[in-house]
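Down below is the structure, laid out as structure tokens.
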Amino acid sequence: MLTLKEAKALVKPLDTQSMEAAEKRWDSIAHPLHSLGLMEDLVVQIVGITRSQDINIEKKALVSMCADNGVVEEGVTQTGQEITALVAENFLKGDAISSIFSKLAGADHFPIDVGMVSDTKVPMKKVAYGTRNMAKEPAMTYEQAVQSIQAGIQTAEELKEKGYGLLATGEMGIGNTTTSSAMAAVLLNQPVEAVTGRGAGLSTAGLEKKIQVIGHAIRTYKPDPADPVDVLAKVGGFDIGGIIGLFLGGAAVGIPVVIDGFISGVAALAAAGICPQAKDYMIASHVSQEPAAHMILEALGKEAFLHGHMCLGEGSGAVALFPLLDMAAAVYQKMSTFCDIHMDEYKHLD
């Protein structure tokens, strides 16, 4: 298994020569130049990631990192921790929205227990039985933060070995919009109020409590924005750590990884802070309804495909992008060229 340090060392710049060839291929296809917009750009990016013109994204996976957060003790959520395990087991049964989406998109769904408070049938890479309550103490130790990241790196390695060519990031963990908002405030250098939303339907009083708890934790533990692992350890969650590892592991082994919504976006931002080159291996899917969603994508230099006012999580938005990527890859690989149909090519004009 790759360590965090080893994974960082393996991340390479994208293959610009392959990307230039992909751009020329798009220009040769019998259609108005760049008329498929971001669909074309993402195919070029995937070619640069895989270093191959033969795009192979038929074998796709959604990885949902599942963990509990001690901060729920503070009343920052509408439901209790028992919901984490319930939904995580529904992933296995195929009885969750992201599972249904995955089946329709031709993707396999892999939930992983990186830190739930109870043991279930969900495969385990458990760091601990939930994080500590960040209102009272740091969420985890630095070593636990690294361990959660390495669980994600290991998962990316395993899926690469099994032939998967495209990964989506998902999560399940009651209280994780609180941890994500805390990390976002630090990593984006924004006021807590500007990045914190209602999550899964908090009341106004609940939102105010959530903001107060996050602000107290940040002031007390002073997480270092220059060290995303420190931020994760002090105010984050094991699920976020696992997703950070998926992004870094995907970049290390050359698999494109799709960002889901707010929580996944925070993990992407942290992964980019650990290894800036890893951003090139990430694909943005949608813009979450959470307040910081646009800020995170802007910080990553990413443009989302979907603007559907979604905020479910679980990886649902990431998987919703899969059919569009399949369509783009099919056109790229199968469409006739101008030469094939004896038609004059479109030209790039000044």
*asked:* Determine whether a donor-acceptor pair (N or O, by modelled atom type, separation under 3.5 Å) exists between the side chain of S28 and the backbone of R25.
replied: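 It does hold such a pair.
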*Side chain of T220, backbone of A217: donor and acceptor closer than 3.5 Å?*
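Judged by distance alone, no pair lies under 3.5 Å.
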Going by the salt bridge (Lys or Arg N to Asp or Glu O under 4.0 Å) test, which pairs reach into [range], not counting sequence neighbours?
range: residues 156-184; answer: K125-E158
range: residues 137-146; answer: R132-E137
range: residues 44-60; answer: K60-D326

Approximate separation, where rounding is to 0.5 Å, of [X] [atom1] and [Y] [atom2]:
X: D15; Y: Q53; atom1: CG; atom2: CD; value: 9.0 Å
X: Q289; Y: L312; atom1: CD; atom2: CG; value: 12.5 Å
X: E89; Y: D95; atom1: CD; atom2: CG; value: 12.0 Å
X: L187; Y: I296; atom1: CG; atom2: CD1; value: 8.5 Å

_Between S98 and F91, does the side chain to side chain contact (heavy atoms under 4.5 Å, CB included) criterion hold? Intermediate values first, please._
CA-CA 8 Å; S98 56; F91 290 156; 3.3 Å; yes
_What I want to check is whether the side chains of D119 and Y129 have a donor and an acceptor closer together than 3.5 Å._
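Yes, because at least one side-chain N or O of D119 sits under 3.5 Å from a partner of the opposite role on Y129.
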*Distance-only donor-acceptor check, side chains E40 and H31, under 3.5 Å*: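 Distance-only check passes for E40 and H31.
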All N/O donor-acceptor pairs, side-chain side in residues 228-257, below 3.5 Å, sequence neighbours left out:
unit_1: D230; atom_1: OD1; unit_2: K234; atom_2: NZ; d: 3.2
unit_1: D230; atom_1: OD2; unit_2: D224; atom_2: N; d: 2.8
unit_1: D230; atom_1: OD2; unit_2: K234; atom_2: NZ; d: 3.3
unit_1: K234; atom_1: NZ; unit_2: Y221; atom_2: O; d: 3.1
unit_1: D239; atom_1: OD2; unit_2: N176; atom_2: ND2; d: 3.0

*Mind checking whether L297 and V287 have side chains closer than 4.5 Å, heavy atoms only?*
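Side chain of L297 against side chain of V287, heavy atoms only: contact under 4.5 Å found.
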*Decide yes or no for K210 and T177: does some side-chain heavy atom of the first lie under 4.5 Å from some side-chain heavy atom of the second?*
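Yes, side chains in contact.
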Which donor-acceptor pairs under 3.5 Å do side chains of residues 273-282 form with protein atoms, sequence neighbours excluded?
unit_1: Q277; atom_1: NE2; unit_2: D280; atom_2: OD2; d: 2.8
unit_1: Y281; atom_1: OH; unit_2: K12; atom_2: O; d: 2.7

*Does the pair M183 and T179 meet the rule for a side chain to side chain contact (heavy atoms under 4.5 Å, CB included), with working shown?*
CA-CA 6 Å; M183 290 186 66; T179 54; 5.7 Å; no
*Which hydrophobic side chains are connected to V122, either touching it within the sub-4.5 Å cutoff or through other members that do?*
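Joined to V122, directly or through intermediates: L92, M116.
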*Taking all non-hydrogen atoms of both residues into account, name the closest pair between Y332 and A22 and its distance.*
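Scanning both residues, the minimum pair turns out to be OH-CA, 3.2 Å.
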